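Quick one: the structure is below, and I'll ask about it shortly.
As the structure is a computational prediction, the values presented were derived from the model and not from experiment.
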Amino acid sequence: MKLENERLCVEIAELGAEVTRIYDKKQKAELLWEGDPAYWKRHSPVLFPNVGKTYHNTVRINGTQYPTAQHGFARDSVFKCTCQKEQMASFLLVSNEETKEVYPFDFELVITYRLEGPALQVAWEVRNTGNETMYFTIGGHPAFRFAEAEERKSDYILKFPGKESLNYILINQAEETVDTEHVYTLALEDGCCAVTEEMFANDALIFDGGQFDEVWLCRRDGTPYVGMKCAGFPNFGIWSVKNAPFVCLEPWMGRCDNIGFHKEISEKPDINQAAPGERFEKSYTILAGN
């Protein structure tokens with residue numbers, strides 16, 4: 001499925017309602033990672049009903065333990081396209097017997113994409129169609145590829161407009177969940193820092209506390225290449241693979257578990273909830289650069 005305007009050409013798959021291509025006509029660049037499995041087979045998966053991993057790959061809901069998979073099941077589920085126009089499309093995933101084996105709630109998940117000039121808005125709507133409060137995290141995971149084949153991470157910088165420094169935490173590799181005991185500082189100069197291979201030696205950098213509303217992947221001279229507006233997101237991940245020619249900018253509403261978390265899902269930090277009949281809505285915007 002294709003959306004197109006004077007600036008961008010976007011392709012979306014019904015599997016995972018995943019954006020698989022963002023082509024910027026002005027920069028003449030493929031902005032989105034092509035999914036080469038040599039590094040990472042995905043492009044821009046939707047993470048639901050859990051972002052990242054849960055502690056020991058289980059979640060407790062109303063006293064019952066359920067198994068979980070990293071980043072949830074939505075990214076591997078087939079959505080139904082419910083609306084398609086030249087510059088907008090919506091996709092629907094409805095709970096079923098298979099989803100209830102690992103996540104016992106009745107829900108509808110709607111993902112809507114809208115093009116406007118150099119911007120692609122990604123909107124999530126989670127509808128509780130059941131008779132009990134449902135709990136979840138949800139996130140984006142778009143990977144932005146470098147403009148030229150020979151470019152490396154050292155050819156790019158990250159820019160956080162107006163910020164002097166940021167705090168981040170890391171995933172404990174043995175536990176595969178977050179170590180909140182050790183907090184690190186990302187020093188910035190004029191809101192910028194270099195992108196390096198060493199930056200991702202311990203998986204993603206995780207920023208809690210809604211520390212920024214906007215982030216850009218820029219060329220080394222500071223020219224904006226691709227960016228994201230993400231106001232109101234409490235968590236954000238930045239990730240890549242060793243020697244891979246892409247960087248992921250990941251806006252999250254909630255994230256993977258802390259090490260040792262084994263309480264009810266309702267007690268999880270930054271958990272989202274929707275009462276029976278209620279709708280949860282959130283969006284972010286991907287922006288092509290100069």
Worksheet item: Is D106 salt-bridged to K100, cutoff N-O under 4.0 Å?
Response: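 Looking at D106 and K100, the cut-off is met.
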Item to complete: Compute the centroid of each ring, for H141 and then for W252, and state whether the two points are separated by less than 6.0 Å.
Response: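 That pair fails the under 6.0 Å test.
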Discussion item. Exactly one of Y168, F212, W216 should register a ring pair (Phe, Tyr, Trp, His ring centres under 6.0 Å) with F160. Which one does?
Written reply: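 Among Y168, F212, W216, the one that satisfies the ring pair (Phe, Tyr, Trp, His ring centres under 6.0 Å) with F160 is F212.
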Worksheet item: Looking at CG of N167 and OH of Y184, how far apart are the two atoms once the value is rounded to the nearest 0.5 Å?
Response: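 Going from the CG atom of N167 to the OH atom of Y184 covers 12.0 Å.
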Worksheet item: Between the side chain of K163 and the main-chain N/O of Q211, is any donor-acceptor distance below 3.5 Å?
Response: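 Yes, because the side chain of K163 sits within donor-acceptor range (under 3.5 Å) of the backbone of Q211.
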Fill in: Ring center gap for Y156 and F146 short of 6.0 angstrom
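Between Y156 and F146, the centre distance is under 6.0 Å.
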Worksheet item: So, are R145 and E34 salt-bridged, with charged N and O less than 4.0 Å apart?
Response: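 So R145 pairs with E34 through a salt bridge.
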Item to complete: Give a yes or no on whether a salt bridge exists between E30 and R21, defined as a side-chain N under 4.0 angstrom from a carboxylate O.
Response: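 Looking at E30 and R21, the cut-off is met.
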Discussion item. Can you tell whether the side chains of R127 and E125 come within less than 4.0 Å, N to carboxylate O?
Written reply: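 Looking at R127 and E125, the cut-off is met.
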Worksheet item: Can a donor-acceptor pair be found between the side chains of T185 and S165 at a distance below 3.5 Å?
Response: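 No, no side-chain donor-acceptor contact under 3.5 Å.
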Worksheet entry | Side-chain ion pair, K53 and D257, N-O less than 4.0 Å |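 No, this pair does not count.
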Fill in: Note: D155-R219 ion pair, threshold 4.0 Å (strictly below)
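No salt bridge links D155 with R219.
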Discussion item. To the closest 0.5 Å, what do you measure between CG (L186) and CZ (F207)?
Written reply: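 It comes to 5.0 Å.
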Worksheet item: Does the pair D208/R255 count as a salt bridge with the N-to-O cut at 4.0 Å?
Response: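 Result for this pair is yes, salt bridge flagged.
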Discussion item. A quick test of your reading: do over 12 heavy atoms of other residues, nucleotides or ligands sit less than 6.0 Å from CG of D190?
Written reply: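 Atom CG in D190 is not packed in, count stays at 12 or less.
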Discussion item. Within this structure, what is the CD-CH2 distance for the pair E281 and W124, rounded to the nearest 0.5 Å?
Written reply: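 Rounded to the nearest 0.5 Å, the CD-CH2 separation comes to 13.0 Å.
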Worksheet entry | Ring center gap for Y66 and Y103 short of 6.0 angstrom |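 Distance test on ring centres: not under 6.0 Å, no.
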Worksheet item: Where the side chain of S77 meets the backbone of F73, is there a donor-acceptor pair that is under 3.5 Å apart?
Response: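 Yes; at least one donor-acceptor contact below 3.5 Å.
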Worksheet item: Could you give the distance from CH2 (W40) to CH2 (W33), rounded to the nearest 0.5 Å?
Response: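 Between W40 CH2 and W33 CH2, I get 10.0 Å after rounding to 0.5 Å.
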Item to complete: Quick one: pull up CG in L188 and CG in L158 and give me the separation to the nearest 0.5 Å.
Response: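 Result: 9.0 Å between the selected atoms.
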Worksheet item: More than 12 foreign heavy atoms under 6.0 Å from NZ of K159: is that the case here?
Response: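 No, NZ of K159 has 12 or fewer neighbouring heavy atoms, counting only those of other groups under 6.0 Å.
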Worksheet item: Does K229 NZ have over 12 foreign heavy atoms under 6.0 Å away?
Response: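 Result for NZ/K229: open.
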Item to complete: Go through S95 and F105 one step at a time and tell me if the side-chain contact (heavy atoms from CB on, under 4.5 Å) criterion holds.
Response: CA-CA 7 Å; S95 56; F105 298 111; over 6 Å; no
Worksheet item: So do the side chains of Q273 and F136 get within less than 4.5 Å of each other, counting heavy atoms only?
Response: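 Result no, sub-4.5 Å side-chain heavy-atom pair not found.
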Fill in: Point-to-point distance, once rounded to the nearest 0.5 Å, from CD of E14 to NZ of K80
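Rounded to the nearest 0.5 Å, the CD-NZ separation comes to 10.0 Å.
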Worksheet item: Quick one: do L32 and L115 end up in the same hydrophobic cluster if we chain Ile, Leu, Val, Met, Phe, Trp and Tyr together by side-chain heavy atoms under 4.5 Å apart?
Response: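 Looking at the clustering, L115 is in the same group as L32.
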Worksheet item: If you measure from the Lys or Arg side-chain nitrogens to the Asp or Glu carboxylate oxygens, is any gap between K25 and E4 under 4.0 Å?
Response: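 Judged by the 4.0 Å cut-off on N to carboxylate O distance, K25 and E4 do form a salt bridge.
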